[in-house]
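Input: a single structure, listed below in C-alpha cells.
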Amino acid sequence: MNRNSELKTLARVFITLGVTAFGGPAAHIAMMQQEVVAKRKWMSEEHFLDLMGATNLIPGPNSTEMAMHIGQDRAGWRGLVVAGSCFIFPAVVITLFFAWLYKEYGQLPEVQPFIYGIKPAIISIILIAILSLAKKSLKNIQLGVIGVVVLVLALMGVNEILLLFGAGILAMGLSLFSNRKTINSFLPLGILQVSDFNLFSTANVSLFLTFLKIGAILYGSGYVLFAFLDAELVENGLLTRQQLIDAIAVGQFTPGPVFSSVAFIGYQINGWSGAIVSTIGVFLPSFIFVALLNPIVKMMRDSSLFSKFLDAVNVASIAIIVSVCYVMAKESISDWRAILIGILCLLLSFSFKKLNSVWIVLLGSSLGYVLNLF
C-alpha cells in the first residue's frame with residue numbers, strides 16, 4: 001500500500017512537471033530540484049547533484065533521465081518507469097495536438113506572446129536552483145577552479161561531454177598525485193558506436209530503429225538531436241527541412257522534454273502509429289541506461305577515488321548550466337518588458353523558495369502576454 005502511494009505521488013509530481021516544465025533541460029532540472037529537494041525533501045542536495053552529474057555522462061535527454069533517477073530512488077524500478085513515463089507523456093500529448101493542427105491546417109498557432117514571458121521566468125528558476133546546488137558542490141578551492149575553467153570553456157563552445165569527463169578525470173588525477181598512490185588500471189566509459197542501417201520496407205520499423213539509434217548515442221542538447229534528424233530523415237527524403245524547422249519550434253514552445261518533438265515528426269511521416277513508435281524508440285534507451293547507472297552512482301560515491309570524479313563532474317554540470325543560463329538570458333532578455341518580468345520572477349522565487357515553480361511560469365507567461373499589449 002505504501003509503495004502504491006509512493007507511485008501515485010511520483011505520477012502526480014511528474015505529470016505536473018511534464019505540463020509546466022518549459023525552457024529546456026537546465027530549467028527542467030531546476031524545477032525538479034525545487035520540487036524533490038527543497039519542497040519534498042526526498043533526497044539530499046548532494047545526492048541530487050550526484051544523479052545530475054551522472055546523467056550528463058550518458059546519452060539521451062538529460063532531464064527525462066533525471067526524472068527516472070528520482071523515480072528509481074523513490075520507488076525502485078516501478079518508480080523509474082512511472083516517473084519517466086509521466087514526465088514524457090504530457091509533452092507527447094501536447095506535441096501530437098500541434099502535429100495534428102499542423103498536418104490539418106499547414107501552420108502552427110501564434111504562441112510567441114506567452115513564450116516571451118516564460119523565458120525570463122525560467123531563467124529566474126534556474127538561478128535560484130544554481131545558488132542552492134552550487135553551495136553543496138563547491139566543497140574546496142580546487143573544485144571552484146575547475147568550475148570556473150569549465151564555465152569559460154563552455155562559453156567558448158567546447159563540447160559538454162569533453163568538459164564533464166575532463167573535469168572528472170582531472171580531479172581523479174590530482175587526487176592520485178596528491179596522495180602519491182598508483183593505480184593498476186582504469187576503465188573509461190566507452191562511447192557507443194552504432195553502425196548505419198538501410199531503411200526497412202515498413203515505415204514504422206524504420207522509424208523505430210532510426211530513433212532507437214539516436215536515443216542510444218545522442219549526447220548534448222535538443223539542437224544536436226535536430227542535426228541527427230536532418231541527416232537521418234531530411235537527407236533520406238522522409239521529411240522536408242521546413243517540417244524539421246517547425247518541429248524545432250514545437251519542441252521549444254511546448255513543455256517537457258525537447259525529445260518529444262520526435263512525436264511531431266513521426267506523425268508527419270506515418271500518422272499516429274509513426275508518432276508512437278518514434279517516441280518509444282527515442283526514449284527506450286534512457287530507461288535502460290538509468291536502470292543500469294543508478295546503483296553505480298551510489299557505489300562511486302562510496303569510493304574515495306571515484307567520489308572525487310563525481311564531485312568534479314557535479315561542479316562541471318553546474319558550470320555548464322550557468323553557461324546555458326547566460327546564453328538564454330542574452331537571447332531572451334532584450335528589452336524593458338523582459339527585464340521587468342525577470343526581476344519580478346527572481347524576487348518572487350528568492351522570497352518564497354517553497355513556492356511551486358509552476359506559479360512562476362504562469363506569472364511570467366501572463367505578464368508576457370499583458371505587457372506585449374502595450
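Index from 1, following the sequence.
A distance of 10.5 Å separates CG in Leu51 from CD1 in Ile29, rounded to the nearest 0.5 Å. One distance of note links CD1 of Ile70 with CZ of Phe48; it measures 5.0 Å at 0.5 Å rounding. Taking SG from Cys86 and CD1 from Ile15, the interatomic distance works out to 4.0 Å, rounded to the nearest 0.5 Å. Distance check, rounded to the nearest 0.5 Å: CG of Leu101 to CG of Leu96 gives 11.0 Å. Between Lys39 atom NZ and Met32 atom CE the span is 14.5 Å, to the nearest 0.5 Å.
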(message) The test is ring pair (Phe, Tyr, Trp, His ring centres under 6.0 Å); show your working for Phe98 and Phe264 and say whether it passes.
(response) CA-CA 8 Å; Phe98 285 114; Phe264 182 95; 8.5 Å; no
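At distances below 3.5 Å, at least one donor-acceptor pair connects side-chain atoms of Gln268 with backbone N or O atoms of Ala99. When atom types are taken as modelled, the side chain of Asp335 and the backbone of Ala338 share a donor-acceptor pair closer than 3.5 angstrom. Of the possible donor and acceptor atoms, one in the side chain of Ser260 sits under 3.5 Å from a partner among the backbone N and O of Pro257. Formation of a donor-acceptor pair under 3.5 Å by the Gln243 side chain with backbone atoms of Thr240 is found in this model. Panel note: side chain Ser175, backbone Ala171; no donor-acceptor pair is recorded below 3.5 Å. Between the Asn56 side chain and the Met52 main chain, a donor and an acceptor come within less than 3.5 Å of each other.
Between Cys345 and Leu363, the closest side-chain pair of non-hydrogen atoms falls below 4.5 Å. Between Val315 and Asp311, every side-chain heavy-atom pair lies at or beyond the 4.5 Å cut-off. Contact check for His47 versus Asp73: side-chain heavy atoms found under the 4.5 Å cut-off. Side-chain contact check for Arg40 versus Thr9: some heavy-atom pair is nearer than 4.5 Å. Residues Glu46 and Lys139 are in side-chain contact: their nearest non-hydrogen atoms beyond the backbone lie under 4.5 Å apart. Under the 4.5 Å side-chain criterion, counting only non-hydrogen atoms from C-beta, Ile94 is in contact with Pro255. Looking only at side-chain heavy atoms (C-beta outward), Leu233 and Ile269 come within less than 4.5 Å of each other. Residues Thr95 and Trp100 are not in side-chain contact: their nearest non-hydrogen atoms beyond the backbone lie 4.5 Å or more apart.
Asn62 and His28 are not linked by any side-chain donor-acceptor pair at a separation below 3.5 angstrom, with hydrogens and angles left out of the test. The closest side-chain donor-acceptor pair between Glu65 and Thr55, if any, does not fall under 3.5 angstrom.
Enclosure of atom CD1 in Ile141 is not indicated, since only 12 or fewer non-hydrogen atoms of other residues, nucleotides or ligands lie within 6.0 angstrom.
The aromatic rings of Trp272 and Tyr267 sit perpendicular to each other, their planes meeting at more than 60°, with 30° as the lower class boundary. Ring geometry for Phe309 versus Phe165: interplanar angle of 30 to 60°, hence tilted.
The two residues Gly168 and Val313 come nearest to each other via the heavy atoms CA-CG2, 4.0 Å. Of all non-hydrogen atoms in Leu10 and Ala75, the two that sit nearest each other are CD1-CB, 3.9 Å. Residues Ala216 and Pro59 come closest through the heavy atom pair O-CG, 3.3 Å. Residues Phe87 and Gly256 approach most closely at CZ-CA, 4.3 Å, considering heavy atoms. When all heavy atoms of Ala67 and Ala83 are compared, the closest pair comes out as O-CB, 3.3 Å.
Applying side chain to side chain contact (heavy atoms under 4.5 Å, CB included) to Leu207 and the options Val282, Val277, Ile280, Leu212 leaves one that passes, Val277.
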